[in-house]
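Convention: sequence-line order gives letters A, B, ...; per-chain numbering from 1.
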Amino acid sequence: MDRDFFGFRSEVVARSLLGHLLCRETKEGLVSGIIIETEAYLSSNDSASHTSRGITKRNATMFGPPGRAYVYFVYGNYYCLNVVTGPEGSGEAVLIRAVEPLSGLDLMYQNRGYIKKTTDLTSGPGKLCLAFAIDHKLDGHDLRKKPLYLVEQSISDRLEVITTPRIGISSAKEKKLRFIIRGNKYLSRRESLD
DNA sequence: GTTAAGATCTGCT
DNA sequence: GCAGATCTTAACG
């Protein structure tokens with residue numbers, strides 16, 4: 001995936017990331033999945049974004065060059081993976097909320113502990129970081145390079161995409177900045193009626 | 001130094 | 001459907 005892909009506003013990149021592949025290589029092997037759910041966090045006028053109050057130690061990666069990974073720790077237990085977007089310095093990103101498992105299923109089960117259903121492997125931002133062995137050490141990593149990278153799929157522009165409000169936030173609830181592939185089994189939540 | 005809230009997940013009802 | 005676990009971050013005194 002080339003550099004120009006990430007330089008657009010996060011609302012645009014969030015949509016265009018759907019259908020492409022997220023790949024992770026570790027010494028145990030290769031894991032990959034199809035991106036099916038994303039959320040955009042804007043550079044300005046978005047009180048739900050980590051960057052709404054300026055640059056801090058945690059969110060510094062979001063103000064860096066696009067195409068990097070912004071990985072942060074939430075709720076004392078889990079990591080979330082974002083893709084930095086927009087021109088450098090704008091402070092925006094796209095949260096990867098769910099993928100559809102494609103390869104390396106055995107390794108995902110191993111990374112997640114004893115999970116029974118395939119639909120529980122990567123159907124949420126914290127879950128997919130566990131399954132893909134993503135943690136704070138990958139914060140700032142360039143997503144065009146191993147061991148964590150994106151691969152373009154030609155099917156991406158023919159998907160049926162719908163938008164909903166973002167999940168788990170208390171401000172800017174009205175903004176429909178969550179992008180999902182309609183009807184996919186691996187979404188973090190069922191589609192709401194709107 | 002202290003404190004409250006948080007881009008979540010799991011297990012139980 | 002709901003509460004608890006768990007701990008970092010950032011705001012405030």
Without swapping roles, check the side chain of [X] against the backbone of [Y] for a donor-acceptor pair under 3.5 Å.
X: Tyr109(A); Y: Thr118(A); answer: yes
X: Asn59(A); Y: Gly54(A); answer: yes
X: Ser43(A); Y: Gly91(A); answer: no
X: Arg112(A); Y: Leu121(A); answer: yes
X: Asp120(A); Y: Ile115(A); answer: no

(message) Under 6.0 Å from the ring centre and within 45 degrees of the ring axis: does the NZ or CZ of Arg68(A) meet both conditions for the six-membered ring of Phe6(A)?
(response)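 Cation-pi check for Arg68(A) and Phe6(A): fails.
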(request) For DNA chain B, list all stems, counting runs of three or more consecutive pairs where every pair is Watson-Crick or G-U wobble with both distances under 3.5 Å. (result)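 Stem segments, range with range: B:1-6 with C:7-12, B:8-12 with C:1-5.
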(message) Taking the basic N atoms (NZ, or NE/NH1/NH2) and the acidic carboxylate oxygens, is any pair closer than 4.0 Å for Glu39(A) and Arg166(A)?
(response)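 So Glu39(A) does not pair with Arg166(A) through a salt bridge.
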(message) Check this for me: does any side-chain nitrogen of one of Arg9(A) and Glu92(A) sit under 4.0 Å from a carboxylate oxygen of the other?
(response)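 Between Glu92(A) and Arg9(A) there is no salt bridge, as every charged N stays at least 4.0 Å from the carboxylate O atoms.
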(request) Begin from the C-alpha positions of Thr26(A) and Leu107(A) and carry the test side-chain contact (heavy atoms from CB on, under 4.5 Å) through to its verdict. (result) CA-CA 10 Å; Thr26(A) 65; Leu107(A) 189 48; 4.1 Å; yes
(request) Summarise how protein sits on nucleotides 8-13 of chain C as a single string, 5' to 3': B when a protein heavy atom is under 4.0 Å from the base, S for sugar-phosphate-only contact, - for no contact. (result) SSSS--
(request) Going 5' to 3' through nucleotides 8-13 of chain B, assign each nucleotide B (protein heavy atom under 4.0 Å from a base atom), S (under 4.0 Å only from sugar-phosphate atoms) or - (no protein heavy atom that close). (result) BSS---
(message) Check for me whether the distance between the ring centres of Tyr41(A) and His50(A) falls short of 6.0 Å.
(response)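 No.
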